[in-house]
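Residues take their numbers from the sequence shown, with the count starting at 1.
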Amino acid sequence: DILRVAIHIAKGWLWILLAALLGAASAFALGHWRFTTKYTAQVQLVRREMTTTFQASELGESFRPRQFNAATVSAMMHSGPLMEKTAASLSPKISASAFQQEIVIRPEKNTDLITVAWTTDVSPAFAAQGLNKYAENVASLTSDLQAQEAKELLSFLSSQMERTEQELTTVQKELMAFSRKSGLADPDKETEAALKQLSELDLRIQSTRIEFDSIDDRVARTEAELAKQDPATQQLNEARSRLAELLTQYTAEFPLVVEQQARVTALEKKRRSNPPADPTASFQSTGNTVANSLYLDILSLRSSKESLKKEIESLTDFRTNLKTKLDSIPDQQLALSRFRGRVAALEETRNLLGGRLREAQLYSERALGYYRLFAPASPDAVSISSRTVKLLIVSFIGAFLAAAIIIAYRAISAATSDSIVSPSDLRRLTRAPVIASLPDQQDMDPAALALWRFTTWAVSYTHLTLPTTPYV
């Protein structure tokens, strides 16, 4: 009986109202404790193009650092040391994990932009300051990576330069000794031209070999970095890091430390028994953006290396033919020209290496970085999410749920109760028509009560009038 339930619910309107108020107040108190006003700042980083490079020599190609795509830089931006460095520089202090939980890094599709957003509950100025500091640390990290690459190349070129200087000094001494011994001063023009061509070929071969060795060195370093992305290596590094963390908290005899030490030992033994092979041989593209980028770099470097190898072979064949032609020139004259050609070639090589050294040194000292801050955050542009709206929504939900609980309780009580609260209840119980129902007399004045009595008597009279004819 819907009417019976509705009447029972309507009689409890005061309880429903009190429950709604109590639910709203409870939800408001809980929301006031849980919710805070949030401030979200946003910055954008843009990739720095390396079209204008430092070129300290006219010989060969200039030094150009390798480029990182947006996905690789985004992966590096989640690194723990970067988060710790940023969190430690903020005031008031926050933990690195708390800073990392609220940071959102999103590379923009088909652009060189990376959008970074950070949310805090302190103030708009703190949100802008913290995010700008993080963006500056990211740009500094890319500069450090670029400088590190230049320093590695600088070390390689320095060793090549030292070897060339030693060889040049030796050849110059041999040239002086041969000139005094043979008494020759200048070779003829034909020999000089042929030997000049030979020295130029030697220079090209030498410069190409230097570039070949440089790329070979970069391939080796990139393969070493790719090997570190191997799951087994990462698992071993994580186990070692966990062991170091446990040793800062417990002694070496603690069961957790002993168990972790055994795990590290087992992983190291497995690593020694199965040394990593060529990391590109069985490489498969995964969600590791750093590994994917390194793999593509290796393929590109190997392609360049193969082209340089073919160029060296071609130049070497041409040099062999030219040297065969020079074998017909008189020995002493040829020897003197050869000495001078070697000196000229070594001097050119020295100049080439000197130019590359200066370029690498400029990058190592003044590395620009792969990304720079494009659109910094400002307190005026911070997005504010007030908790007032959240409190209103939570209070409404609390009031609605509390009222719904009371309404459901009274509806179930009305459906399961045996008391008579409506005419339909009486009709269903007695299976007789209901002539009238008596309202609450406390709500009726004497006139209304008298009218109800008369009306009820009239209706009852029509139903209860006895027949005039006696029964037989």
Original post:
Can you list the steps and then say if K309 with E311 is a salt bridge (charged side-chain N to carboxylate O under 4.0 Å, His left out)?
Top reply: CA-CA 5 Å; K309 182 179 179 181; E311 183 178 356; over 6 Å; no
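Distance alone, capped at 3.5 Å, is enough to place a donor-acceptor pair between the T170 side chain and the Q166 backbone. Here the side chain of S26 pairs no donor or acceptor atom with the backbone of G23 at under 3.5 angstrom. No donor-acceptor pair closer than 3.5 Å links the side chain of Y39 to the backbone N or O of P379. The backbone N or O of L391 sits less than 3.5 Å from a side-chain atom of S395, completing a donor-acceptor pair. The closest donor-acceptor contact from the side chain of N137 to the backbone of K133 lies under 3.5 Å. Without hydrogens or angle criteria, S79 side chain to M76 main chain gives a donor-acceptor distance under 3.5 Å. Distance alone, capped at 3.5 Å, is enough to place a donor-acceptor pair between the S307 side chain and the S303 backbone. Side chain of K305 to backbone of F212: no donor-acceptor contact under 3.5 angstrom is found. Panel note: side chain Q260, backbone A239; a donor-acceptor pair is recorded below 3.5 Å.
Distance check: L315 CG to R209 CZ gives 9.5 Å after rounding to the nearest 0.5 Å. Taking CD of Q100 as the start and OG of S95 as the end, the distance is 10.0 Å to the nearest 0.5 Å. Going from atom CG of L308 over to atom CG of D216 covers 10.5 Å, rounded to the nearest 0.5 Å. Here the straight-line distance linking atom CD1 of I94 with atom CG of D121 works out to 9.5 Å at 0.5 Å rounding. A distance of 11.5 Å separates CD of E136 from OG of S143, quoted to the nearest 0.5 Å.
Partners of F126 by ring-ring contact (aromatic ring centres under 6.0 Å, His included), not counting sequence neighbours, listed by chain and number: W118.
With a 4.5 Å cut-off on side-chain heavy atoms, F99 and T86 count as touching. Using a 4.5 Å heavy-atom threshold, the side chains of V116 and I103 count as touching. Here the side chains of Q148 and L145 are not in contact, with every heavy-atom distance at 4.5 Å or above. Put simply, the side chain of M77 reaches to within 4.5 Å of the side chain of I114, judged on heavy atoms. Between I105 and H78 the shortest side-chain heavy-atom distance falls below 4.5 Å. Taking 4.5 Å as the limit, some side-chain heavy atom of L243 sits within range of a side-chain heavy atom of Q261. Residues M83 and Y134 are in side-chain contact: their nearest non-hydrogen atoms beyond the backbone lie under 4.5 Å apart. Side chains of Q42 and T115 form a contact here, defined as non-hydrogen atoms less than 4.5 Å apart.
Residues A377 and V43 come closest through the heavy atom pair N-CG1, 3.3 Å. Nearest heavy-atom pair, A139 versus R372, reported as atom, atom and distance to 0.1 Å: CB-CA, 4.5 Å. Annotation for V257 and T251: closest pair CG2-O, 3.3 Å, computed over non-hydrogen atoms. Nearest approach of L45 to A135, heavy atoms of both residues: CD2-CB, 4.0 Å. The two atoms that bring S123 and T120 nearest to each other are O-CG2, 4.1 Å, heavy atoms only. Across every non-hydrogen atom of A117 and L131, the tightest pair is CA-CD2, 4.3 Å.
No more than 12 heavy atoms of other residues, nucleotides or ligands lie within 6.0 Å of CD in E259, so this atom counts as exposed by the packing criterion. In the displayed structure, K109 atom NZ is contacted under 6.0 Å by at most 12 heavy atoms of other residues, nucleotides or ligands. Atom CZ of F400 has 12 or fewer heavy atoms from other residues, nucleotides or ligands within 6.0 Å.
A salt bridge does not link R163 to E165: none of the charged side-chain nitrogens sits closer than 4.0 Å to a carboxylate oxygen.
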